[in-house]
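Single-structure report; data block below.
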Amino acid sequence: MVDNPYLAHLKLSQRRALVETSSVSANREPLFGFLPRKVKGEQVRKAMEHELNPFTKQPHSAQYRKILESRKELPVYSQMDEFFEIFSRHQIIVVVGETGAGKTTQIPQFVAYSDLPHSKGKLVACTQPRRIAAMSVARRVADEMDVQLGKHVGYSIRFEDMTEPGTTFLKYMTDGMLLREAMNDTALSRYSTIILDEAHERTLATDILMGLLKSLARRRPDLKIIVMSATLDAVKFQSYFSLHQPSEKPSPAPLFKVLGRTFPIEVFYTQEPEPDYVEAAIRTVLMIHRAEDPGDVLLFLTGEEEIEETCRKIKLEADDLINTDPSSVGPLMCVPLYSSLPPQQQQRIFEAAPKPTQEGYPPGRKVVVSTNVAETSLTIDGIVYVVDPGFFKQKVYNPRIRVESLLVSPISRASAQQRAGRAGRTRPGKCFRLYTEKDFISELQEGTYPEILTSNLASVVLILAGIGIKDLVRFDYLDAPAPETLMRALQLLNYLAALDDEGELTPLGRLMAEFPLDPQASKSLAKMLITSPEFKVSNDILTITAMLSVPNVWLRPPNQRAAADQAKALLTVPEGDHLTLLNVFNNYSQNKSDRNWAWNNFLSARALAQAENVRAQLLRTMERSEIELISVEDERKRNLGIQKALICGFFMQVAHKEGEKGSYLTVKDNQVVGLHPPAVLMPNQNGYYSTSLCSPSAVHSYGD
DNA sequence: CGACGCTGG
């Protein structure tokens, strides 16, 4: 700097001062000499060791030093130079690595050091398929960077924006949240780099974002994109994001491989196919319990009922074993796990295995019987044995009748690998696959179907229309949905008057897109809510909409079914399921002071609290969109209004009774449908019939 | 007696 000829006119003393300040600033400024996106690993390592935090300019805490030492143990830390090398040279890269390799926590930090987003008022975003992951990873990274969560590092999820505009430069968020943002800012101009994490899970939102970002990359050369995934699908992502230079052959996006750090897992197959996978699973768990070394077991089954039943059977047989010969086998604890399980009971999966019944006797064992939640969303430490019968419940969508249903189906090889991996997180493990090796190789498909191929796409179409993408058939999908699925979605939105006959978004459609609600056939909630002021019942429809957007509120514990049904009967109103839901919520609100109200009435406190949250968010959206909030005093008029608004939003499901046999025909296209069994359906004073959910397709009947 | 695998705004 002092050799600069422009400084020649300065006096010597001034020049000396300049040298001193610049060397001071080199010492005091951890990011001295950092050029955005030309940063090298060596510089970053030095900055990390610096006494000052480069982003807060505060001295690093002792905790920071400690965490930094553990970060250095991660394989990805030693690959920093290689990462910066690839990241600096390319706009789009693909990162692969086993879970637990540290890619979710480390890569976004590396990017922040390279992008220096804080110096340009930009952000680095890292998307996650689940809220809980976005929250917990952000918390961990804030600790690693020695900043307060919500300041320089934050997260953004549906009900919580833990960021500070102007300060936050590294943001973890749900993929759905970023997709929403794309509706308001098509160029995603706030971001310097966008990282799509867990891309192999192929959620609807991540798939759409990949399509959007691929085309956005051409318009925004300054935007960098990183797609992070587990190993199997890397090649697919690489070729999808290949660069098409006009004169050259397309070259696949470069790959950065994060080295794993998992323990070896021994995989066993059955000799012959098992005719009854539940029976085989129980047999295998007990075999492990009798013959294998200490260590917990994870068994994958398909659903709540199957899991509860199996837990009972395993427990019975294990008790039998220990009663026959308490000295040869330890006590067994069997815990169910599925998402609708109350949180308190979910916690049981983290309890330690039981102690030996008596000193010197064999130690106890914990067996977790779980749905697919344990495959991705929830990690249980200490699992050594995995039992994989090879089935899961798959969603299938039939566009012709617009019905989504669940089907027990064989898993994919990718899924089998993921399940096996759950055995090797703390030490070497074993995986028992209850199918033959031949079937694994030749019968299982490679990957699980991405969501975009098995879902009703009405909400996706609405969002894309909101972003301004009209030609949905030619949108650049990683996996294109069936044209019929798209057509049915467009048709539905046209019926709902969200799209006009030219496929243009109508003002109503734009409004509908604002609401975080499904515009699906089974519940056209947004439309119902928006049109409800017409019937002077928007306040009530708001509540019903919120109740319909959360999981089932009715609890029915196996040993208290009669009591639960009785409690439900007390809250039921004759006008139907929806008015009953309204009644439940209103009673819940009036009894907020009684903490046990929900439990005493056999209702899910979690679902009700969620409904309250959703209601508040929808209310904010209504206010923003200036939708009137009204309700009429007269109860009969109100109920009639509510029923009219329901039919308006649910018109695809309106059916009329056909003869006396109890069968129904839909008004829209004469499909034969039935009523959902637990529905409340009884004639009211006017001879009208009232609503209900239904299987296979929901039906709502209000007289003729 | 049924249902509802999991997740998101």
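The structure displayed is predicted, hence computed values, not measured ones. Lettering of chains follows the sequences in order, A, B, ..., and the numbering in each one begins at 1.
Counting non-hydrogen atoms under 4.0 angstrom, A:Arg202 reaches nothing in the nucleic acid. When heavy atoms are screened at a 4.0 angstrom cut-off, A:Ile157 is found touching the sugar-phosphate backbone but no base atom. Within the nucleic acid shown, A:Thr302 comes within 4.0 Å of sugar-phosphate atoms alone, with no base atom in reach, counting heavy atoms only. A:Tyr338 comes within 4.0 angstrom of sugar-phosphate atoms only, judged by non-hydrogen atoms across all strands, and of no base. Here A:Arg130 lies in heavy-atom contact (under 4.0 Å) with sugar-phosphate atoms only. Residue-level contact check: A:Glu201 touches neither bases nor backbone, having no heavy atom under 4.0 Å from any strand. A:Asn552 comes within 4.0 angstrom of a base, heavy atoms only.
Listed by residue number, there are no residues of residues 206-214 of chain A with a heavy-atom contact under 4.0 Å to DNA chain B.
The distance from atom NZ of A:Lys568 to atom P of B:dG2 is 14 Å, rounded to the nearest whole Å. When rounded to the nearest whole Å, the span between CE of A:Met622 and P of B:dG9 equals 21 Å. As a whole-Å value, the separation of A:Glu198 CD from B:dG8 P is 13 Å. Taking atom CG of A:Asn372 as the reference point, atom P of B:dG5 lies 11 Å away to the nearest angstrom. The CD1 atom of A:Ile452 sits 23 Å away from the P atom of B:dC6 (whole-angstrom rounding). One interatomic measurement links the two molecules: CD of A:Glu375 to P of B:dT7, which rounds to 13 Å at whole-angstrom precision. The nearest whole Å value for the distance from the CG atom in A:Asp388 to the P atom in B:dG5 is 18 Å. With rounding to whole Å, A:Leu618 atom CG is found 17 Å from B:dG8 atom P.
Nearest to the side chain of A:Ser377, among B:dG9, B:dC6, B:dG5, sits B:dC6. Considering only side-chain atoms of A:Glu305, the nucleotide from B:dG9, B:dG2, B:dT7 that sits closest is B:dG2.
Between A:Tyr477 and A:Phe475, the ring planes lie perpendicular to each other; the angle is over 60°, past the 30° to 60° tilted range.
Counting non-hydrogen atoms of other residues, nucleotides and ligands closer than 6.0 Å to CD of A:Gln566 gives a total of 12 or fewer.
For A:Phe602, there are no ring pair (Phe, Tyr, Trp, His ring centres under 6.0 Å) partners two or more places apart in sequence or in a different chain. Applying the side-chain contact (heavy atoms from CB on, under 4.5 Å) criterion to A:Glu451, with sequence neighbours excluded, gives A:Thr203, A:Leu204, A:Lys395, A:Ser455. Scored by the ring pair (Phe, Tyr, Trp, His ring centres under 6.0 Å) test, A:Phe237 finds no partners at all (sequence neighbours excluded). Every residue meeting the side-chain contact (heavy atoms from CB on, under 4.5 Å) condition with A:Ala482, not counting sequence neighbours, appears here in chain and number order: A:Thr485. A:Lys313 is linked by a side-chain contact (heavy atoms from CB on, under 4.5 Å) to A:Ile282, A:Glu309, counting only residues two or more places apart in sequence or in another chain. In this structure, A:Tyr397 has no ring pair (Phe, Tyr, Trp, His ring centres under 6.0 Å) partners at least two apart in sequence or on a different chain.
Take the nearest nucleotide of DNA chain B for A:Ser156 and for A:Gly303: the residue whose nucleotide is more 5' is A:Gly303. Both A:Phe392 and A:Phe515 lie close to DNA chain B; mapped to their nearest nucleotides by heavy-atom distance, the more 5′-ward contact belongs to A:Phe392.
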**Message:** Dot-bracket, 5' to 3', for DNA chain B please: Watson-Crick or G-U pairs under 3.5 Å, [ ] where pairs cross earlier ones, | where the partner sits on another strand, dots elsewhere.
**Reply:** .........

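For A:Thr174, a side-chain nitrogen or oxygen approaches OP1 or OP2 of B:dG9 to under 4.0 Å. The side chain of A:Arg131 places an N or O atom within less than 4.0 Å of a non-bridging phosphate oxygen (OP1 or OP2) of B:dG9. For B:dC6, the OP1/OP2 oxygens have a side-chain nitrogen or oxygen of A:Thr371 closer than 4.0 Å. For the pair A:Thr376 and B:dT7, the criterion of a side-chain N or O lying under 4.0 Å from OP1 or OP2 is not met. For B:dG9, the OP1/OP2 oxygens have no side-chain nitrogen or oxygen of A:Arg620 closer than 4.0 Å.
When atom types are taken as modelled, the side chain of A:Arg413 and the backbone of A:Leu444 share a donor-acceptor pair closer than 3.5 angstrom. In terms of modelled atom types and a separation under 3.5 Å, the side chain of A:Tyr338 and the main chain of A:Glu308 share no donor-acceptor contact.
Identified under the salt bridge (charged side-chain N to carboxylate O under 4.0 Å, His left out) test for residues 194-208 of chain A, with sequence neighbours left out: A:Arg130-A:Glu201, A:Arg202-A:Asp207, A:Arg202-A:Asp479.
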